[in-house]
Amino acid sequence: MKKIIVTGATGQIGTDLVDRLIKDYGDDNVLACSRRARPEDWAGSHYESLDVTDSKRFFELTKDFGADTILHLAAVLSAVGEDNPQLLWDINVNGLYNSLEIARELDLALFVPSSIGAFGPGTPAVNTPQTTIQRPTTAYGVSKVAGELLCDYYNKRFGIDTRGVRFPGLISYKALPGGGTTDYAVHIYYDALEKGHYTSFIDKGTFMDMMYMPDAVDSIIDLMEADPSKLKDRNAFNVSGMSFDPEELKRSIQKYMPDFTMDYDVDPVRQAIADSWPDSLDVSAAREQWGFNPKYDLDAMTKDMLEKLKK
Ligand code: SER
């Protein structure tokens with residue numbers, strides 16, 4: 001990667017990723033795009049408003065910037081997608097199709113995140129293999145499987161350098177996630193500090209894969225810088241830093257805040273989504289093919305989240 005355009009740049013991943021790209025690749029080599037107007041405190045010099053379903057503007061911005069890589073993060077998350085599957089399809093699939101066509105026309109590398117949401121109730125839930133049954137039951141999951149297959153197709157058919165990971169729930173303190181199922185694991189830290197208490201919309205005993213944002217950002221950069229001849233799987237690699245349920249997360253917070261309490265008010269929609277997803281992923285393909293090596297476990301993440309959010 002030398003010259004990078006990032007879509008969805010003001011989202012949960014984009015906010016952290018763009019900061020890091022500017023440090024590693026230089027401010028002049030990173031163009032951040034988002035549907036929102038430029039945030040007042042945006043650090044980078046290059047920022048454009050972009051709706052990724054507007055293929056003409058997307059193409060022109062990418063070409064004019066001279067990008068060699070698209071990091072395509074613009075997407076609707078799982079819970080919002082169940083409220084508005086039509087919007088989800090338009091942004092997640094038509095937006096990705098525009099990225100793929102631009103990558104094909106301009107011969108660019110393309111990163112697209114898939115998700116644990118690309119799995120469904122028929123998938124083996126524990127140590128979920130890299131290649132396995134994918135019959136998701138959410139609009140989000142259907143869009144992610146379609147995306148994985150489209151990326152594979154563009155790689156095989158047109159030789160486009162498409163790469164991707166299946167992200168688990170991502171936990172971070174710079175920007176909030178925008179309406180997913182794993183969001184409880186972010187909100188809990190805010191409420192712990194503000195109220196000393198959290199009411200979880202996900203039930204105890206519900207295990208899901210999670211990862212701390214610094215490991216997620218590393219995984220994007222490491223995968224994009226990996227030697228392509230080593231990549232047997234492309235779209236998309238299982239990645240995860242940890243797997244826990246709300247009770248384990250509560251106990252981790254109590255190690256640093258002994259008075260923290262939690263109760264439950266389960267949201268049936270998001271609980272059903274969580275129940276359809278794996279408990280824990282097998283990440284061995286990512287480790288073997290490009291050296292995926294997350295650094296944060298649950299307690300290390302909790303310590304850092306509480307310290308950073310306090311500031
Ligand atoms: N964090 C996402 C969601 O909950 C999963 O990829 O929708």
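Please read these numbers as outputs of a predicted model, since none were measured by experiment. Each ligand, and each atom within it, is numbered from 1 in the order the structure gives.
Counting atoms of ligand 1 from 1 in the listed order, those under 4.0 Å from a heavy atom of S78 are 3 (C), 4 (O), 7 (O). In summary, the atoms of ligand 1 found under 4.0 Å from a heavy atom of T181, numbered by their order in the structure, are 3 (C), 4 (O), 7 (O). Less than 4.0 angstrom separates some heavy atom of S115 from each of these atoms of ligand 1: 5 (C), 6 (O). Atom numbering of ligand 1 starts at 1 in the shown order; those under 4.0 Å from a heavy atom of G180 are 3 (C), 4 (O), 7 (O). Close approach to Y140 involves these atoms of ligand 1, each under 4.0 Å from a residue heavy atom: 2 (C), 5 (C), 6 (O), 7 (O).
Ring-plane geometry between H72 and F58 is classed as parallel, the angle between the planes falling under 30 degrees on a 0 to 90 degree scale with a further cut at 60.
Close placement of the F65 and H46 rings is indicated, their centers lying within 6.0 Å of each other. Aromatic ring centres of W277 and F119: separated by at least 6.0 Å.
Proximity of R36 to S34: side-chain heavy atoms (C-beta onward) are separated by under 4.5 Å at one or more points.
Looking only at heavy atoms of the protein, atom 1 (N) of ligand 1 is closest to T182 OG1, 2.8 Å.
A salt bridge does not link K144 with E148: every distance from a Lys NZ or Arg NE/NH1/NH2 to an Asp or Glu carboxylate oxygen is 4.0 Å or more.
Distances between N or O atoms of W277 and those of ligand 1 include no value under 3.5 Å.
Under a hydrophobic clustering in which Ile, Leu, Val, Met, Phe, Trp and Tyr are joined whenever their side-chain heavy atoms come within less than 4.5 Å, directly or via other members, M224 and L170 fall into the same cluster.
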